2 protein chains.
Amino acid sequence: MGTVSKALSLLGYFSQTRPEIGLSDLARLSGMNKATVYRMMSELVEQGFAEQTFQGKSYRLGPEVLRLAALREAAVPLLSVAREMLARLSEATGETAHMSILQGARLNALAHHYSARHGTRVTMEDAEVLSFHGTASGLAVLAFSDAAFVDGVLALPLVAHTAQTETRPEAIRARIAEVRRSGLAESVGGFEADVHSLAAPVFDAQGRPLGALAVAAPVGRMTPDQWACAAHDLRACAADLTRRVGGFAPARFTAHIPEEV
Amino acid sequence: MGTVSKALSLLGYFSQTRPEIGLSDLARLSGMNKATVYRMMSELVEQGFAEQTFQGKSYRLGPEVLRLAALREAAVPLLSVAREMLARLSEATGETAHMSILQGARLNALAHHYSARHGTRVTMEDAEVLSFHGTASGLAVLAFSDAAFVDGVLALPLVAHTAQTETRPEAIRARIAEVRRSGLAESVGGFEADVHSLAAPVFDAQGRPLGALAVAAPVGRMTPDQWACAAHDLRACAADLTRRVGGFAPARFTAHIPEEV
DNA sequence: AACCAACGGTTCAAATAATGAACCAATTAT
DNA sequence: ATAATTGGTTCATTATTTGAACCGTTGGTT
């Protein structure tokens with residue numbers, strides 16, 4: 001791994017639960033030498049990718065990432081298109097809608113939208129890492145990923161997030177096969193207890209899964225009628241989003257797309 | 001300059017007008033060797049900071065910047081950055097500093113900071129609604145808003161907060177034009193009697209005014225010297241704040257920004 | 001008050017990774 | 001056909017990164 005990769009990988013240790021990290025912690029987390037981390041962070045600070053909270057205190061992400069994100073948006077307006085779609089989807093279903101994207105081997109929550117229809121709702125955090133086996137979004141992505149990737153994911157230890165989480169690789173493969181048939185993934189309490197989720201994959205310009213669009217409702221509220229309605233809206237929105245980010249669905253998926261949005 | 005800085009500086013060549021850049025172009029732009037640029041871009045692609053549009057074609061910014069931007073937003077919300085800046089600005093000027101943000105068609109005071117230098121000072125209330133025509137902040141925002149918005153504001157009845165408040169639409173348009181030239185808005189007793197205010201606009205990621213940063217002093221204390229000092233600090237702080245919330249000043253404004261903070 | 005551990009930051013010889021001219025193969029323009 | 005340009009690769013030379021040990025401070029314990 002080159003120096004640049006090492007430096008950039010340091011930024012990966014920041015998260016919602018850990019927005020600020022001190023030098024020593026960062027050195028421990030990354031397993032790199034303190035002096036090395038110091039120099040790398042100094043360069044990242046210099047370039048605006050990180051900044052220090054108060055003289056000599058811990059590091060956090062810098063303002064430059066905002067500028068780049070705005071530029072990325074301008075070039076590839078995924079986020080803005082996704083937000084629009086999420087608003088539409090959550091208004092249509094009356095439930096929380098969210099979108100996640102595949103980055104390397106991780107599935108990250110990117111954006112979400114709540115509906116005002118009900119007093120209770122499923123809440124989300126952006127930039128949260130979603131598990132492949134425990135979430136509807138994860139299963140939707142796996143179902144249209146290549147076999148090597150699926151093998152890689154299932155070879156890792158599978159965490160049981162709740163009592164309902166399916167952790168047996170073969171059972172997960174069976175569910176993935178079903179997702180491939182239906183074009184829709186489902187998870188009942190697999191990641192958070194009492195949450196019933198439906199998800200559909202979104203594809204990139206190469207026809208590979210880019211991420212997933214999902215609807216999450218409290219278990220009691222997902223009646224058969226509601227299920228059918230959410231499934232339809234989700235399919236339509238996911239297809240539209242794929243189109244609007246310049247992607248296309250692979251042949252084996254195309255059959256599931258409703259004609260009109 | 002270290003390798004990491006060099007690699008990150010490559011990302012700086014992407015812009016709205018140039019969202020995609022080929023390898024050779026990037027080498028020319030940066031003045032670095034093609035092989036060097038290639039290796040650096042490969043690492044950036046590997047880390048998700050860049051991606052290639054189509055097999056072997058030009059580079060553009062990658063999806064990882066979106067994730068980092070979401071985290072930065074969560075870790076450092078506008079309010080906390082604004083507070084930091086207000087503290088700096090009021091220490092530097094010895095007067096009250098405040099920040100307001102545009103929410104829909106209203107300009108709301110968001111936060112303020114007093115200086116301990118003088119016994120008397122201008123006092124502020126957060127969440128107070130500021131008038132566009134009567135305050136320096138309002139004029140600063142109007143000056144860089146689109147024409148339709150300005151027309152809308154000036155079509156409404158314009159309240160005379162004090163005897164000094166300018167309420168004639170055409171006179172206000174003239175003042176706005178002046179603000180556009182100077183990059184700085186001024187109000188003497190237009191909202192509160194005996195208050196002399198200076199304000200500078202803060203911009204969002206789309207280059208639209210997000211709100212304004214302002215300094216407010218008792219009229220007698222704003223001598224020409226103090227005025228010049230406050231104007232300089234204000235410009236510098238507003239530019240820095242724009243940067244730190246991920247915004248950028250539109251072209252017609254850029255000339256006013258001081259080089260150093 | 002003395003102590004200790006942990007912090008961010010710094011140093012410098014040794015080790016490693018970055019560098020760039022030349023070179024491919026494939027397009028694209030002439 | 002030909003010439004120029006594209007993205008990508010190679011490898012000996014070189015310059016940068018590396019990390020153990022070392023500061024000066026800070027904050028908590030004894």
Side-chain angles (χ1 to χ4, degrees), chain A residues 1-15 17-64 72 75-76 104 204-206 208 246, chain B residues 1-15 17-64 72 75-76 80 84:
Chain A
M1 187 159 62
T3 314
V4 176
S5 291
K6 281 186 211 163
L8 293 178
S9 74
L10 287 175
L11 297 177
Y13 294 101
F14 294 91
S15 67
T17 55
R18 205 161 187 162
E20 296 180 8
I21 312 181
L23 177 62
S24 299
D25 277 346
L26 211 40
R28 262 190 297 275
L29 283 168
S30 63
M32 295 193 277
N33 186 282
K34 196 163 52 119
T36 304
V37 173
Y38 175 71
R39 245 174 308 98
M40 285 175 169
M41 288 311 291
S42 297
E43 290 205 69
L44 290 172
V45 167
E46 199 184 319
Q47 299 295 317
F49 284 74
E51 67 181 9
Q52 284 182 285
T53 51
F54 183 65
Q55 308 162 180
K57 283 283 170 202
S58 51
Y59 297 91
R60 65 181 175 204
L61 292 170
E64 182 67 7
R72 158 82 186 181
V76 190
D204 68 13
Q206 281 75 47
R208 295 170 309 199
Chain B
M1 188 158 64
T3 313
V4 176
S5 292
K6 281 186 213 163
L8 293 178
S9 75
L10 287 176
L11 298 177
Y13 294 102
F14 294 90
S15 68
T17 55
R18 202 158 189 168
E20 296 181 7
I21 313 182
L23 177 60
S24 298
D25 277 346
L26 211 40
R28 260 190 298 275
L29 283 168
S30 63
M32 295 193 279
N33 186 283
K34 195 165 54 118
T36 304
V37 173
Y38 175 71
R39 249 175 300 99
M40 284 175 170
M41 288 311 291
S42 297
E43 290 204 67
L44 291 173
V45 167
E46 199 183 316
Q47 300 294 318
F49 284 74
E51 68 181 10
Q52 283 180 288
T53 51
F54 183 67
Q55 302 163 188
K57 282 287 167 198
S58 53
Y59 297 92
R60 65 180 175 203
L61 292 170
E64 180 67 6
R72 160 81 185 184
V76 192
S80 65
E84 218 174 283

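Letters A, B, ... are given to chains in the order of the sequence lines, protein chains preceding strands, and every chain is numbered from 1. Keep in mind that what you see is a predicted model, and the values were worked out from it rather than measured.
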B:Met1 vs B:Asp25, nearer the 5' end of DNA chain D by closest nucleotide: B:Asp25
Between C:dG9 (C1') and A:Glu46 (CD): distance, integer Å: 16 Å
Strand contacts (DNA chain D) in residues 30-39 of chain B, 4.0 angstrom heavy-atom criterion: B:Lys34, B:Ala35, B:Tyr38
Expected output: side-chain B:Glu43 to main-chain A:Ser5 donor-acceptor under 3.5 Å: yes
Distance below 4.0 Å between B:Thr3 side-chain N/O and C:dA17 OP1 or OP2: no
Value rounded to 0.5 Å, distance of CG in B:Leu23 from CZ in B:Arg28: 9.5 Å
Sugar-phosphate, base or nothing in reach of B:Met40, heavy atoms under 4.0 Å: sugar-phosphate
Side-chain N,O (A:Gln52) to OP1/OP2 (C:dC7) below 4.0 Å: no
Reported CD-to-CD distance for the pair A:Glu51 and A:Glu46, which is rounded to 0.5 angstrom: 15.0 Å
Distance (rounded to the nearest 0.5 Å) between A:Ser9 OG and A:Leu29 CG: 11.0 Å
Point-to-point distance, once rounded to the nearest 0.5 Å, from CD of B:Glu64 to CG of A:Leu8: 8.5 Å
Nearest-angstrom distance from the residue atom CG of B:Leu44 to P of C:dA18: 13 Å
Phosphate OP1/OP2 of C:dA6 contacted by A:Ser24 side-chain N/O (<4.0 Å): no
Counterpart residues, side-chain contact (heavy atoms from CB on, under 4.5 Å), relative to A:Glu20 (two or more places apart): A:Thr53, A:Ser58, A:Arg60
Whichever of A:Ile21 and A:Gly2 has its nearest DNA chain C nucleotide further upstream toward 5': A:Ile21
Separation of atom CD in A:Glu43 from atom P in D:dT17, rounded to whole Å: 6 Å
Backbone of B:Leu26 reached by a side-chain donor or acceptor of B:Ser30 within 3.5 Å: yes
Interatomic distance where NZ belongs to A:Lys6 and P belongs to D:dT17 [whole Å]: 11 Å
Residue A:Arg28, side-chain atoms from C-beta onward, closest of C:dC7, C:dA17, D:dG7: C:dC7
Length of the line joining A:Lys57:NZ and C:dC7:P, which is rounded to integer Å: 10 Å
